[in-house]
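Letters A, B, ... mirror the listed sequences (proteins, then strands); counts begin at 1.
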Amino acid sequence: MEHQLVIYNTLSRKKEIFKSLNPGKVGLYVCGPTVYSDSHLGHGRPNITFDLLYRLLMYAGYQVRYLRNITDVGHLEDENEGTGEDRISKRARLEQLEPMEVVQKYMNTFHQNMAELNVLPPSIEPRASGHIIEQQQMILSIIKNGYGYEVNGSVYFDVEKYNQKYNYGKLSGRNLDDIKTHTRVLAGQAEKKNSFDFALWKKASPEHIMRWPSQWSDGFPGWHLECSAMSTKYLGEQFDIHGGGMDLTFPHHECEIAQCNASLGKESVSYWMHNNMITINGQKMARSLGNFITLDELFTGTHKILEQSYSPMTVRFFILQAHYRSTIDFSNEALKASEKGLKRLMEGVETLAHLIPSKVSTVDFAPIKEKCLAALFDDLNSPIAISYLFDGVKIINSIKSGNGRVSTEDLKELQDFYDTVVFKILGLKNEESNVSGNDSILNNVVDLLLKLRVEAKNNKEWDTADKIRNELLEMGIEIKDTKDGFEWKLL
RNA sequence: GGUCUCUUGGCCGAGUGGCUAGGCAGUGGUCUGCAAAACCAUGUACGGCGGUUCGAAUCCGCCAGAGACCUCCA
């Protein structure tokens with residue numbers, strides 16, 4: 001059955017029916033990380049959210065070009081709290097590395113973490129430093145159209161001038177007068193016409209390492225510019241969906257809109273999508289609050305607020321159990337709940353794979369399948385979709401215990417459905433391994449011991465049976481007795 | 001200070017006018033030599049006050065509380 005994709009557009013503040021510019025094709029751009037430190041929990045949210053969107057679009061039959069950039073230059077620190085220097089340059093100085101070594105190092109860990117979370121790689125992953133020419137060309141056209149001005153080797157965007165023709169603030173819902181009265185005046189802004197003007201090109205100070213020649217100065221591009229330049233290059237002057245974290249709405253995305261309008265004279269993005277933030281025990285995650293958790297810390301349980309480690313799929317499932325536009329609160333209790341819920345779902349899928357079909361079906365999965373997909377197509381409502389998967393698991397379990405039958409044909413369809421939704425669209429994967437990799441000797445030895453235990457049980461030699469169970473448990477091998485025999489897994 | 005959002009049962013988290021999401025925990029049960037696991041059953045909650053309505057968690061107003069953005073952040 002066909003479903004119409006509906007997505008919430010930040011621009012209109014409404015859900016809209018998705019219609020691609022080119023039939024059958026979708027251009028998707030998502031703001032990627034600035035690679036100056038380890039990937040953290042906050043990176044999980046947008047990447048999983050838009051991975052879901054990417055997977056759903058492909059399921060719907062679209063050919064998707066998915067761009068997710070790597071910011072490796074131009075992202076400056078807040079001058080009031082930090083030094084105002086480029087984040088990557090600063091890190092390079094602190095770690096005594098080349099800036100590009102810093103970039104490579106943290107880009108590698110980002111990629112590894114994304115792979116662990118089963119986030120598909122994008123179609124193109126452009127880097128800001130690799131598109132200096134394109135950014136300079138965009139600056140030229142912005143200047144040519146009268147919306148940029150040069151001062152002392154730096155180029156700034158003339159927001160006030162732009163606002164006379166366009167609407168600066170329409171994405172984030174603010175107007176220039178408010179911004180005017182409430183923008184903090186930062187140090188070193190004297191050369192700008194207005195405090196809310198933003199940099200397109202910054203002249204590099206003598207000690208600034210990352211610099212490129214330009215007609216204005218040896219310098220570097222402003223942070224907002226890369227996304228505009230790279231999306232235009234690879235997705236064209238107009239494309240379908242632009243995503244990112246809600247915190248980027250202002251000023252970053254507002255500036256992108258301004259840059260594209262100012263240089264291209266047209267609106268480039270049809271749908272703006274923003275994922276909400278993650279809080280930790282009710283508080284915003286921030287380095288200053290001491291609740292800043294990297295993905296590695298989460299996966300290994302090494303952060304002090306974590307009571308245990310949480311697997312990548314637990315984290316992914318947890319994120320998918322909330323709607324992407326809601327804030328989501330991380331706590332040990334909530335994560336443990338997701339861990340168990342995921343296990344229940346995965347065991348349901350496992351049970352489904354081994355279900356024995358009957359001649360006819362006494363259960364009807366059609367409504368569940370329909371509602372589950374409908375939820376996903378309704379602005380990525382993964383929590384609702386998951387709730388229907390659980391409803392299905394309940395029925396699957398009842399069939400297993402003999403309280404229902406499913407025909408061969410229905411069973412095949414149901415297996416395909418779970419495979420599609422659970423693995424292909426939601427992007428989950430089974431992390432349980434009751435076999436220890438390729439260590440067949442271990443497998444054989446444990447199986448042998450457990451067969452001996454079964455014999456002992458049959459002979460009512462409980463002491464021996466318990467001894468085997470307890471001692472294996474001490475070695476980190478957990479045993480479950482089942483109807484037919486046993487199961488075991490490494491803890 | 002400005003702009004905006006949120007407040008749902010022990011916890012997490014959907015839902016946006018009537019049809020009591022779902023997960024976890026708890027409780028009861030089945031199974032089991034015991035245990036674990038698993039499975040089944042079970043909870044009529046929506047910040048407070050007022051209004052609109054035949055009917056409100058859902059719409060409107062006020063109050064209280066929390067948060068986000070406005071400044072780097074995903």
Just the rounded figure in Å: distance from P of B/C34 to CG of A/D463. 15 Å

In whole angstrom, what separates A/N397's CG from B/G29's C1'? 16 Å

Nearest-nucleotide check on RNA chain B, A/T327 vs A/S172; residue mapping nearer the 5' end is A/S172

For A/K460 and A/F318, find the nucleotide of RNA chain B closest to each by heavy atoms; which residue's nucleotide sits nearer the 5' end? A/F318

How far does the [atom1] atom of [N] sit from the matching atom of [M], given to the nearest Å?
| N | M | atom1 | result |
| --- | --- | --- | --- |
| B/C19 | B/U71 | C1' | 48 Å |
| B/A14 | B/A21 | C1' | 6 Å |
| B/U44 | B/U20 | C1' | 5 Å |
| B/C6 | B/G23 | C1' | 22 Å |
| B/U8 | B/G22 | C1' | 14 Å |
| B/A57 | B/G47 | C1' | 11 Å |

Is it true that [X] and [Y] have a side-chain N and a carboxylate O under 4.0 angstrom from each other?
| X | Y | answer |
| --- | --- | --- |
| A/K336 | A/E307 | yes |
| A/K394 | A/D391 | no |
| A/D481 | A/R453 | yes |
| A/K15 | A/D378 | yes |

For residues [X] and [Y], is any side-chain donor paired with an opposing acceptor at under 3.5 Å?
| X | Y | value |
| --- | --- | --- |
| A/H40 | A/T294 | no |
| A/Y106 | A/R91 | yes |
| A/D72 | A/Y36 | no |

With pairs defined as Watson-Crick or G-U wobble and both distances under 3.5 angstrom, please note down RNA chain B as a dot-bracket string, | for pairing with another strand. ((((((((.[[[)....(...]]].(((((.......)))))....[[[[[..)....]]]]])))))))....

So, is the end of the A/R45 side chain (NZ or CZ) under 6.0 Å from the ring centre of A/Y324 and within 45° of the ring's axis? no

Measure from the side chain of [X], starting at C-beta and using heavy atoms only, and say which of [options] lies closest.
| X | options | value |
| --- | --- | --- |
| A/D481 | B/G33, B/C34, B/C40 | B/C34 |
| A/R174 | B/G33, B/A35, B/C69 | B/C69 |
| A/M285 | B/A37, B/G33, B/A74 | B/A74 |
| A/E347 | B/A74, B/A35, B/A38 | B/A38 |
| A/D466 | B/G13, B/A37, B/G33 | B/G33 |

For the base of B/C34, is there a side-chain donor-acceptor partner from A/R469 under 3.5 Å away? yes

Gap separating the CD1 atom of A/I209 from the OG atom of A/S89, nearest 0.5 angstrom: 5.0 Å

Just checking A/K170: does its NZ atom have more than 12 heavy atoms from other residues, nucleotides or ligands closer to it than 6.0 angstrom? yes

Counting only N and O atoms by type, is there a donor-acceptor contact under 3.5 Å from the side chain of A/S154 to the main-chain atoms of A/K203? yes

For A/Q135 and A/A229, indicate whether the former's side chain and the latter's backbone hold a donor-acceptor pair under 3.5 Å. no

In the structure I gave you, are the side-chain heavy atoms of A/R469 and A/F486 within less than 4.5 Å of one another anywhere? no

Classify A/N175 by what it touches in the nucleic acid, base, sugar-phosphate, or nothing, heavy-atom distance under 4.0 Å. nothing

Residues within residues 246-257 of chain A bordering RNA chain B, heavy-atom distance below 4.0 Å: A/D247, A/L248, A/F250

Sugar-phosphate atoms are those with a prime plus P, OP1 and OP2; base atoms are the rest. Using that split, label each nucleotide of nucleotides 15-26 of chain B B, S or - for protein heavy atoms under 4.0 Å, 5' to 3'. S-----BSBSS-

Can you find a side chain N or O atom of A/N275 that sits less than 4.0 Å from OP1 or OP2 on B/A74? no

